[in-house]
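Input: a single structure, listed below in structure tokens.
Just so it is clear: chains get the letters A, B, ... in the order the sequence lines come, proteins before strands, and each one is counted from 1.
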Number of protein chains: 2
Amino acid sequence: MTEPKTPEAAAPTGPARKRARDGKSNATIYDIARVAGVNPSTVSRALSKPGRVSAKTQKLIEDAAAELNYQVNPFARALPTGRTNTFGLIVADITNPTFFDIIRGAETTATLRDYTLVLAESAESAVTELTAARRMMTTADGLILASPRMDDDEIRALARDKPVVVINREVDGVPCVVPDVNKGISEAVRSLAANGHRKVAFVAGPPQSWMSARRWEGVQAACEWSRLDAVRIESGKPTVDGGRQVARDVRDSGATAVLTYNDLLAIGLMQELQAAGVVVPDQISIVGFDDIFGADFTTPPLTTVRSPLGECGSGATTLLLDLLNGDGEPATVLRVETELVLRGSSGRLLPAH
Amino acid sequence: MTEPKTPEAAAPTGPARKRARDGKSNATIYDIARVAGVNPSTVSRALSKPGRVSAKTQKLIEDAAAELNYQVNPFARALPTGRTNTFGLIVADITNPTFFDIIRGAETTATLRDYTLVLAESAESAVTELTAARRMMTTADGLILASPRMDDDEIRALARDKPVVVINREVDGVPCVVPDVNKGISEAVRSLAANGHRKVAFVAGPPQSWMSARRWEGVQAACEWSRLDAVRIESGKPTVDGGRQVARDVRDSGATAVLTYNDLLAIGLMQELQAAGVVVPDQISIVGFDDIFGADFTTPPLTTVRSPLGECGSGATTLLLDLLNGDGEPATVLRVETELVLRGSSGRLLPAH
DNA sequence: CAATTCTTGGCAACCGGTTGACAATCGGCT
DNA sequence: AGCCGATTGTCAACCGGTTGCCAAGAATTG
């Protein structure tokens with residue numbers, strides 16, 4: 001006759017308890033197995049595939065887990081499954097307020113879906129961006145690229161490895177979230193035309209920026225429709241200082257209304273023109289883009305074409321997580337609507353005195 | 001006679017190749033072992049303890065790793081060592097620009113030290129913050145809490161598990177990075193006194209904010225020194241709208257200069273007073289705190305006490321990573337200096353007309 | 001009641017790397 | 001030549017969880 005094995009005797013001991021710094025150990029499934037009197041594989045099943053064990057065993061295991069304050073070790077789980085419930089978000093410039101709401105939107109949706117967001121920036125460099133992306137790919141389940149600087153082929157190559165979603169750019173074969181700039185631009189140009197403007201300048205963004213090209217195309221099309229002249233002005237960099245630096249070019253252009261690639265350019269431009277004694281909007285109307293934080297701090301407050309950046313962030317996150325959970329559709333393009341936010345920096349052109 | 005074992009025959013096969021989505025497999029140390037003709041443990045030692053193998057073997061392994069485009073699997077490494085080269089940063093409100101330079105500073109130092117930053121926000125809730133912190137503790141090596149809302153005991157409990165650094169608050173027994181508000185406040189009050197002001201209002205921040213209490217103490221002390229009257233005004237929330245809402249209380253206080261808990265309050269206050277016809281700074285001087293993004297967008301641009309937030313972020317990261325690498329000193333308090341940034345929103349009090 | 005099918009818990013290999021213990025080899029010394 | 005200490009590569013257990021396969025027991029069917 002053999003003695004019946006007690007659960008404690010029979011269960012493999014599993015990992016030696018690793019002591020946390022306070023001397024209290026973190027429980028593992030081997031500890032739960034011991035307390036519940038089942039095999040560790042049963043514990044694993046109960047915790048990750050609840051229907052695969054009987055209700056009685058399920059309850060035993062859940063009670064033991066609660067009693068031991070069990071917390072799954074994400075590395076141990078990631079090793080066999082490859083899944084970590086994290087995703088990466090790479091933004092071009094972490095201090096550019098355009099990205100504030102994108103990050104906020106992404107973080108909000110991440111929390112709702114029980115995912116962790118890992119943030120990195122590319123510092124406007126395609127090389128840095130690709131390096132950061134490849135590094136993230138080793139640990140994250142997927143990736144969101146906001147206003148990426150790398151080229152389409154590189155993005156598609158990344159997407160072959162793990163799901164990728166792109167914000168503010170359209171890449172064939174990759175899911176994207178793109179503001180429909182034409183709606184907002186049309187509203188802005190229509191508003192300027194109604195206010196008597198006949199010549200509009202567009203202050204462009206970085207030469208390699210996909211979105212800058214789209215915005216310029218939108219401005220041209222809208223001006224053509226409204227029978228306004230459109231002139232393009234290059235800017236050094238898409239910053240407040242960049243806006244200051246194009247003030248002279250804007251004045252020389254003879255335009256009475258300016259649309260800029262982004263709000264920072266608009267703010268810098270406004271500051272520089274006002275410093276030169278130009279009255280905004282009486283002598284020149286200024287319209288920015290994106291409606292970033294601080295856009296309404298200026299005097300007059302900035303009229304701008306609002307991108308729903310929070311929606312971009314949360315929409316991109318939803319696309320990504322749906323893909324990761326097998327619900328999503330590859331190569332989706334989610335368009336979000338832009339809209340004109342009329343503030344004080346654009347208005348009727350007053351007759352010259 | 002026995003046939004000599006070829007390296008290929010002798011080496012354990014190790015993990016079956018896991019195919020990446022593009023059909024190309026990611027190399028493991030077993031693959032390198034096969035190519036280099038050594039044991040996988042030798043490969044591991046060569047890659048993580050280079051001195052422990054001979055120079056000849058080291059080169060063999062490094063060459064094989066390069067040939068196979070080997071990338072260490074962070075989960076596999078984390079499991080036996082418990083180290084992931086990541087740390088968490090929890091901020092109170094991700095859209096509050098105060099945090100963006102903190103995040104930027106932290107991210108910059110993280111990249112330099114080859115660490116990954118994981119971001120989360122507490123949405124101003126102590127409960128949410130503690131939950132996020134506990135969740136991060138399972139995977140991150142350490143944690144930075146920026147303007148935490150949980151209490152001191154909870155912070156110390158977290159610090160018993162893994163290294164924690166706190167920004168904008170002093171917690172006994174925990175390393176902290178704290179702006180020395182008194183220097184900046186003294187400069188601000190001195191400047192106001194020199195401009196003829198006699199009564200200063202302080203618009204406070206959230207009641208549970210440690211930093212708000214410190215700033216009010218600093219204002220009181222500086223006013224006492226300069227023989228100015230100091231009056232405290234409660235604000236509902238530390239936002240632009242919160243600043244608007246205290247405009248009446250500020251006017252009713254009779255103060256001719258205002259110091260606010262943060263720039264957002266100052267900006268809202270300025271906008272509301274200006275909308276009421278009050279001329280800034282002729283009729284009232286306004287001084288904010290932190291020098292956030294957008295503080296110089298206003299008209300006049302905001303005078304503010306600048307916290308070197310980027311320095312806070314990078315300093316906290318350095319403290320944390322030094323602790324993690326055994327170089328740091330527990331319970332360090334790093335003080336960073338604040339300084340007055342004089343812009344147009346404060347000036348000489350003009351005589352009433 | 002026996003045969004068959006289904007349910008459910010256990011076994012053990014595995015994920016990819018780390019590392020203590022051990023043994024083989026080498027160089028220096030007597 | 002033998003001994004001893006140092007060097008260096010190998011063995012194999014381990015980190016904490018997952019899961020294919022198998023077997024035992026329960027339920028169903030003829």
Could you tell me, to 10°, how much the axis swings from one end of the helix from C/dC1-D/dG30 to C/dT30-D/dA1 to the other, five pairs per end?
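Result, rounded to 10 degrees: 50°.
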Could you check how far [atom1] of [X] sits from [atom2] of [N], rounded to whole Å?
X	N	atom1	atom2	answer
B/Lys56	C/dC26	NZ	C1'	13 Å
B/Phe75	C/dC14	CZ	P	21 Å
A/Asp31	D/dG17	CG	C1'	13 Å
A/Asn85	D/dT18	CG	P	12 Å
B/Gln71	C/dG16	CD	C1'	14 Å
A/Leu60	C/dG10	CG	C1'	16 Å
B/Leu79	C/dC14	CG	P	17 Å
B/Asn39	C/dG17	CG	C1'	13 Å

Are [X] and [N] close enough that a side-chain N or O sits under 4.0 Å from OP1 or OP2?
X	N	answer
A/Asn73	D/dC15	no
A/Thr57	C/dT8	no
B/Ser41	D/dC11	no
B/Lys49	C/dT19	yes
A/Ser54	C/dT7	no

Would you say the side chain of A/Arg45 and the base of D/dG20 hold a donor-acceptor pair, judged only by whether the two atoms sit under 3.5 Å apart?
yes
On the side chain of B/Tyr30, is there an atom forming a donor-acceptor pair with the base of C/dG17 - under 3.5 Å, no angle test?
yes
Tell me if a side-chain donor or acceptor on [X] pairs with a main-chain N or O of [Y] at a distance below 3.5 Å.
X	Y	value
B/Glu121	B/Val91	no
A/Thr317	A/Gly313	yes
B/Thr57	B/Val53	no

Sequence neighbours excluded, which residues qualify as ring-ring contact (aromatic ring centres under 6.0 Å, His included) partners of A/Phe99?
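By the ring-ring contact (aromatic ring centres under 6.0 Å, His included) rule, A/Phe99 matches no residue at all.
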Start at the 5' end of DNA chain C and walk down; is the nucleotide closest to B/Thr42 or to B/Ala76 reached first?
B/Ala76
I'd like to know whether CG of A/Asp172 has more than 12 heavy-atom contacts from other residues, nucleotides or ligands below 6.0 angstrom.
no
Salt bridge between [X] and [Y], side-chain N to carboxylate O under 4.0 Å?
X	Y	result
A/Arg113	A/Asp322	yes
A/Asp101	A/Arg104	no
A/Arg156	A/Asp151	no

Would you mind telling me which residue lines up with the more 5' stretch of DNA chain D, A/Arg52 or A/Ser44, judged by nearest nucleotide?
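Its nearest nucleotide being more 5', the pick is A/Ser44.
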Reckon B/Val72 touches a base, only the sugar-phosphate, or nothing at all at heavy-atom distances under 4.0 Å?
sugar-phosphate
Taking D/dG17, C/dG17, C/dT19 as options, the one with an atom nearest any side-chain atom of A/Arg77 is D/dG17
